[in-house]
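Heads up, the thing below is written out as structure tokens.
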2 protein chains.
Amino acid sequence: MLQVATPFAHPAKNPPLPGARTPQVSFKTQMLQAREDAIVEAANRLLAEKGFDLMTMDQVAANVGIAKASLYKHFSSKEQLAAAGMVRVLGQAQDFLATLPTRAAPLDQLKAVVRWMMLARLAGRMPSLPSENSTLRAALLASNDYLDALMRVSDQIGSWIEAAQANCTLSARLPPLLVLYTLYARACDPVPEFLKLGGQHSDEEIVQLVLSTCFDGLNAR
Amino acid sequence: MLQVATPFAHPAKNPPLPGARTPQVSFKTQMLQAREDAIVEAANRLLAEKGFDLMTMDQVAANVGIAKASLYKHFSSKEQLAAAGMVRVLGQAQDFLATLPTRAAPLDQLKAVVRWMMLARLAGRMPSLPSENSTLRAALLASNDYLDALMRVSDQIGSWIEAAQANCTLSARLPPLLVLYTLYARACDPVPEFLKLGGQHSDEEIVQLVLSTCFDGLNAR
DNA sequence: GTCTATAAATAGATAGAC
DNA sequence: GTCTATCTATTTATAGAC
């Protein structure tokens with residue numbers, strides 16, 4: 001669990017070289033970027049709704065309003081597109097982490113992260129990638145963008161876990177990796193969705209209930 | 001959360017009618033049943049390994065050693081086969097419930113059930129059905145065998161939840177349905193698998209760790 | 001880079017002989 | 001009921017004109 005300094009949340013993909021003339025970002029390039037953003041956003045909506053296997057490139061194309069062949073000019077495969085979706089969400093997570101007050105208690109930081117993940121999922125903005133699909137897993141592990149983004153987020157969360165354990169607010173008997181996995185797993189937990197289907201609770205109530213089971217456990221105290 | 005008396009774990013599919021001559025179970029019928037069992041077992045292995053969407057009927061047929069067309073003489077669709085797999089597992093769960101000592105503390109009963117689920121999953125015997133797939137969900141909700149088996153197990157677990165809350169060993173502030181879902185969710189939790197991939201813990205250790213996060217929570221006590 | 005049209009591969013399901 | 005062979009639909013991905 002390595003702590004990495006992350007002075008800025010989203011380093012620009014092609015930052016201007018120091019001393020170089022600021023490159024004129026052509027209108028065409030801007031449009032291209034916007035189009036790619038729209039594609040990834042549509043893909044993430046579908047990934048959240050149906051998962052990787054049931055999402056089809058036809059659906060993505062239809063959602064964006066372009067031809068399927070055009071998708072492949074931006075992303076070479078379905079796996080690459082899903083990876084871009086994960087990178088996007090990890091970037092959003094990083095942006096959220098940057099908004100948290102630096103001096104708050106580490107345990108509260110962790111709760112805030114989990115809360116953010118569950119709300120994103122309930123809002124249909126959290127792509128759900130099956131852990132079993134080998135072609136997808138291979139593509140993710142081969143994507144430096146993905147691994148970088150994941151590591152940045154994991155390092156930040158990991159440092160909070162260590163701090164909270166040193167703090168004695170988080171159980172020190174649990175391996176930090178177990179805690180990290182347990183927190184990440186809230187992003188694919190079916191419980192919030194089932195509770196939502198029941199219609200008895202608001203999204204915020206659902207989040208509070210699941211947060212309680214996660215941090216306080218099921219036992220009576 | 002209705003408690004239902006379940007005097008026997010597995011009622012025979014076609015119990016002899018009272019007063020009727022015990023039907024001679026022909027050798028052929030026995031073989032047929034055994035074949036179907038083998039099909040469902042193979043399907044469950046594949047469902048546990050790859051999930052519903054990635055499992056193909058060709059793979060099932062190859063695993064059993066029969067032609068794909070023969071599968072369809074036993075099960076009219078992939079969804080029906082998966083439903084039969086779930087009924088099988090629910091039957092195994094029911095058998096396990098029947099072995100638990102009747103007088104044990106309800107909280108311990110619940111822990112024992114979760115432990116059984118996680119061990120079954122780590123052993124590759126727990127089919128993982130995606131909650132999103134609508135054709136599958138429809139087939140499950142249309143299957144009386146499935147709904148019956150699910151209700152039997154849920155009633156038993158639900159009665160323990162109520163008892164444990166009355167007992168003050170389980171947090172009384174949590175809606176029983178939330179507790180039930182949280183326990184069921186251990187059957188599709190990715191955390192045990194990830195820990196297993198790490199290679200640092202035995203299956204039993206993994207189960208104990210996840211049991212601890214589930215019942216004790218992440219907070220220090 | 002976007003489109004239409006199509007290739008190539010795969011999967012669920014069925015036909016029909018035995 | 002089991003087999004081989006096939007149908008039909010779907011899906012990923014590409015070809016080639018503009």
Side-chain angles (χ1 to χ4, degrees), chain A residues 25-40 42-43 46-47 49-85 127 129-130 132-140 142, chain B residues 25-40 42-43 46-47 49-85 127 129-130 132-140 142:
Chain A
V25 177
S26 75
F27 185 69
K28 250 185 173 171
T29 307
Q30 272 185 312
M31 292 306 292
L32 181 71
Q33 192 62 36
R35 172 72 48 104
E36 267 188 12
D37 259 27
I39 294 174
V40 175
L46 289 165
L47 284 172
E49 185 187 329
K50 329 166 76 97
F52 180 77
D53 296 316
L54 266 53
M55 178 190 81
T56 72
M57 296 298 263
D58 292 270
Q59 293 166 343
V60 177
N63 259 264
V64 181
I66 64 176
K68 180 169 59 168
S70 303
L71 288 184
Y72 284 91
K73 301 286 180 177
H74 295 271
F75 302 95
S76 60
S77 72
K78 188 183 177 185
E79 282 81 8
Q80 293 298 316
L81 176 55
L129 307 185
E132 325 98 19
N133 187 317
S134 57
T135 82
L136 177 58
R137 172 173 286 191
L140 287 175
Chain B
V25 178
S26 73
F27 184 70
K28 250 185 174 171
T29 307
Q30 273 186 311
M31 292 306 291
L32 182 71
Q33 191 65 34
R35 172 71 48 103
E36 268 188 12
D37 260 27
I39 293 173
V40 175
L46 289 166
L47 284 172
E49 184 186 332
K50 327 166 78 98
F52 180 77
D53 295 317
L54 266 53
M55 178 191 81
T56 72
M57 296 297 265
D58 292 270
Q59 291 166 345
V60 177
N63 259 265
V64 181
I66 64 176
K68 179 168 60 166
S70 303
L71 288 184
Y72 285 90
K73 301 287 180 178
H74 295 272
F75 302 96
S76 59
S77 71
K78 189 184 177 185
E79 282 80 10
Q80 293 298 316
L81 176 54
L129 306 185
E132 324 99 19
N133 189 316
S134 57
T135 81
L136 178 57
R137 173 174 286 190
L140 287 175

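Quantities reported herein were computed from a predicted structural model and do not represent experimental measurements. A, B, ... follow the sequence lines: proteins, then strands. Residue 1 opens every chain.
Annotation: of the two residues near DNA chain D, A:F52 and A:K73, the 5′-most nearest-nucleotide partner is A:F52.
Residues B:F52 and B:E79 approach most closely at CZ-OE2, 3.8 Å, considering heavy atoms. Of all heavy-atom pairs between B:L136 and B:A82, the closest is CD1-CB, 4.0 Å. Of all heavy-atom pairs between B:G85 and B:P127, the closest is O-CG, 4.4 Å.
A straight line from CG of A:L81 to C1' of D:dA13 spans 14 Å, rounded to a whole angstrom. Remark: C1' of C:dG12 and CG of B:D53 are 13 Å apart, rounded to the nearest angstrom. Atom CZ of B:F75 and atom P of C:dA13 are 13 Å apart (whole Å). Rounding to whole angstrom units, CD of residue B:E79 and C1' of C:dA11 are separated by 12 Å.
The side-chain heavy atoms of B:I39 and B:I66, taken from C-beta on, include a pair separated by under 4.5 Å. Taking 4.5 Å as the limit, some side-chain heavy atom of B:L32 sits within range of a side-chain heavy atom of B:H74.
Regarding contacts with the backbone of C:dA13, a side-chain N or O of B:Y72 is found under 4.0 angstrom from either OP1 or OP2. Note on A:S70: every side-chain N or O is 4.0 Å or more away from OP1 and OP2 of C:dG1.
Among the nucleotides D:dT12, C:dT2, C:dT14, the one closest to any side-chain atom of A:K78 is D:dT12. Side-chain proximity of A:K68 to the nucleotides C:dG16, C:dT4, D:dT12 is greatest for D:dT12. Checking C:dT14, D:dA13, C:dG1 against the side-chain heavy atoms of A:L32 singles out C:dG1 as nearest.
Atoms CG and NZ, on B:N133 and B:K78 in that order, are 8.0 Å from each other to the nearest 0.5 Å.
Residues from residues 54-67 of chain B placing a heavy atom under 4.0 Å of any atom in DNA chain C, listed by number, are B:M55, B:T56, B:M57.
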